[in-house]
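Read the numbers this way: they start at 1 and go in the same order the structure lists the ligands and their atoms. The first residue in the sequence is number 1, and the count goes up from there. Heavy-atom basis, side chains included; hydrogens, waters and symmetry copies ignored.
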Amino acid sequence: MNILGIETSCDETAASVLYEGEIHSNVIASQAVHEAFGGVVPELASRAHHKTIWKTVKQSLDEAAVQMEAIDAIAVTQGPGLMGSLLVGLSFAKGLALSYNKPLIGVNHIDAHMYANFIEHDEVYPFVALIVSGGHTRLVYVNKIFNHKLLGDTRDDAAGEAFDKIGKILGLPYPAGPVVDKLAKEGNPAFHDFPRSMIKKGLDFSFSGLKTSVLYYTQEKGDAFVQENLNNICASASAAITDVLAAKLKRAVIKTGVKHVMLAGGVSANSMLRSKINSLSKKMGLHVMIPSIYYCTDNAAMIAKTGELMAREGLYDSLEIKPFARLKSV
Ligand code: KG4
Ligand code: ZN
């Protein structure tokens, strides 16, 4: 199966070619236009996708040295995401499918974050996935392919949102997650004891209290103190987030009895989280799957990979499919 994957759910225009089971190109055009606004501006995002999509798709085909004729199906993100951004990718994919007479596959972006793991790891079931992105924080039990059961969800902010909002409070540029990660590496995680919300209770998450706690702490201590201790504050806040994530994953493993676990989504690029999940897995004798950094954050290789799996299962779509902004179910 040769798949062209297209991803435009948020602020990355991305295209990838999966050729004979391998990723041959993974092109990502990031939109710098949002930096000045401290967050993604939906209208600007869809305009930028519109401008870049053809160039990005062409580049992915060129880098893979594959022509459209050799492609068996076009996989495109159908949702969740920003409606205007999704529409650009989906309309483009439909046009391409129609003109080259190729089947279309609408991919769920959150599923794709999970199945990105199977680019580099053998397919194994059942597993528990900890999905941590800018918009979602969920624990999902996957019994067999595309058979998902939601075990836990966030009640307020997603983990990536928590990193971004805490970074914003600390005056860091958007998206702050990777910057907080970098600063935290030189800091002391035990410098300040930020709250670990709901750590002892169930499988749901809540991160908005932590954000408020960081806000009050920085207001009380003042700018000079914050600047002087930026590394320590980043490390302490990261420790609070990642302790909760690791504790909940552990509880989900005990509850389901799985032997395989995976990390998925942008926050799985976080070094503290990766190391905590690796040591948890070692202690519990689990097989752990964590994507390489470039498959953690939004990319189209994960869309191509999920498209390949959907094609294998006969899950093709018609040209009538519509984008969806929010998750319907897992
Ligand atoms: O999966 P993703 O690329 O997009 C969504 O589907 O939301 O996730 C983006 C999120 C952002 O909140 C970003 O700050 C966070 O992932 N992120 C990180 C790191 N890299 C990306 N958070 C913490 N540490 C990182 N290294
Ligand atoms: Zn994503």
Using the rule given for side-chain contact (heavy atoms from CB on, under 4.5 Å), can you reason through Val288 versus Ile277, listing the C-alpha separation, both sets of side-chain angles and the distance that settles it, and then say yes or no? CA-CA 8 Å; Val288 63; Ile277 301 305; 3.8 Å; yes
Counting non-hydrogen protein atoms only, what is the nearest one to atom 24 (N) of ligand 1? Give residue, atom name and distance. Asn270 ND2, 3.0 Å
If the cut-off is 4.0 Å to any non-hydrogen atom of Gly177, which atoms of ligand 1 fall inside it? 14 (O), 18 (C), 19 (C), 22 (N), 23 (C), 24 (N), 25 (C)
The one among Thr77, Val132, Val267 that brings a heavy atom closest to atom 15 (C) of ligand 1: Val267
Taking the non-hydrogen atoms of Cys10, is any one of them nearer than 4.0 angstrom to ligand 1? no
Pro80: which residues meet the side-chain contact (heavy atoms from CB on, under 4.5 Å) condition with it, sequence neighbours left out? Asn108, His109, Ile110, His136, Phe324, Leu327
Does atom NE2 of His50 have more than 12 heavy-atom neighbours, drawn from other residues, nucleotides or ligands, at distances under 6.0 Å? no
Shortest protein contact, atom 9 (C) of ligand 1 (heavy atom only): Gly134 N, 3.7 Å
For atom 3 (O) of ligand 1, the closest protein heavy atom turns out to be Asp298 N, 3.0 Å
Could you tell me whether Glu12 approaches ligand 1 through its side chain, its backbone, both or neither, with non-hydrogen atoms closer than 4.0 Å? neither
Does atom CD of Glu22 have more than 12 heavy-atom neighbours from other groups under 6.0 Å away? no
Worked verdict on Arg196 versus Asp193 for salt bridge (charged side-chain N to carboxylate O under 4.0 Å, His left out): CA-CA 9 Å; Arg196 271 80 169 151; Asp193 190 21; 3.4 Å; yes
Under 30°, 30 to 60°, or over 60°: which ring-plane class applies to Trp54 and Phe92, parallel, tilted or perpendicular? tilted
Is His109 close enough to the Zn ion (ligand 2) that one of its N, O or S atoms comes in under 2.8 Å? yes
What's the shortest distance from atom 13 (C) of ligand 1 to any protein heavy atom, and which residue and atom give it? Asp164 OD1, 3.8 Å
Which atoms of ligand 1 sit under 4.0 Å from any heavy atom of Ala269? 20 (N), 26 (N)
Where is the tightest heavy-atom contact between Cys10 and Asp298, given as atom of each residue plus distance? CB-OD2, 4.2 Å
All heavy atoms of Ser25 vs all of Ser60, minimum pair found to be OG-O, 2.7 Å
Is any side-chain N of the basic residue among Lys165 and Asp157 closer than 4.0 Å to the acidic one's carboxylate O? yes
Numbered atoms and elements of ligand 1 in range of Gly160, under 4.0 angstrom, heavy atoms: 12 (O)
Within 4.0 Å of some non-hydrogen atom of His109, the atoms of ligand 1 are 6 (O)
Does atom NZ of Lys168 have more than 12 heavy-atom neighbours from other groups under 6.0 Å away? no
Shortest non-hydrogen pair, Ala112 vs Val107, comes out as CB-CG1, 3.9 Å
Does ligand 1 have an atom under 4.0 Å from some heavy atom of His136? no
What angle, to the nearest 10°, do the atoms NE2 (His113) and OD1 (Asp298) form about the Zn ion (ligand 2)? 100°
How close does the nearest protein non-hydrogen atom get to atom 21 (C) of ligand 1, and which residue and atom is it? Gly266 O, 3.4 Å
Show the atoms of ligand 1 that are less than 4.0 angstrom away from any heavy atom in Thr297. 3 (O), 21 (C)
What residue and heavy atom of the protein are closest to atom 26 (N) of ligand 1, and at what distance? Asp181 OD2, 2.9 Å
I'd like to check which ligand 1 atoms, numbered from 1 as shown, lie under 4.0 Å from a non-hydrogen atom of Gly135. 7 (O)
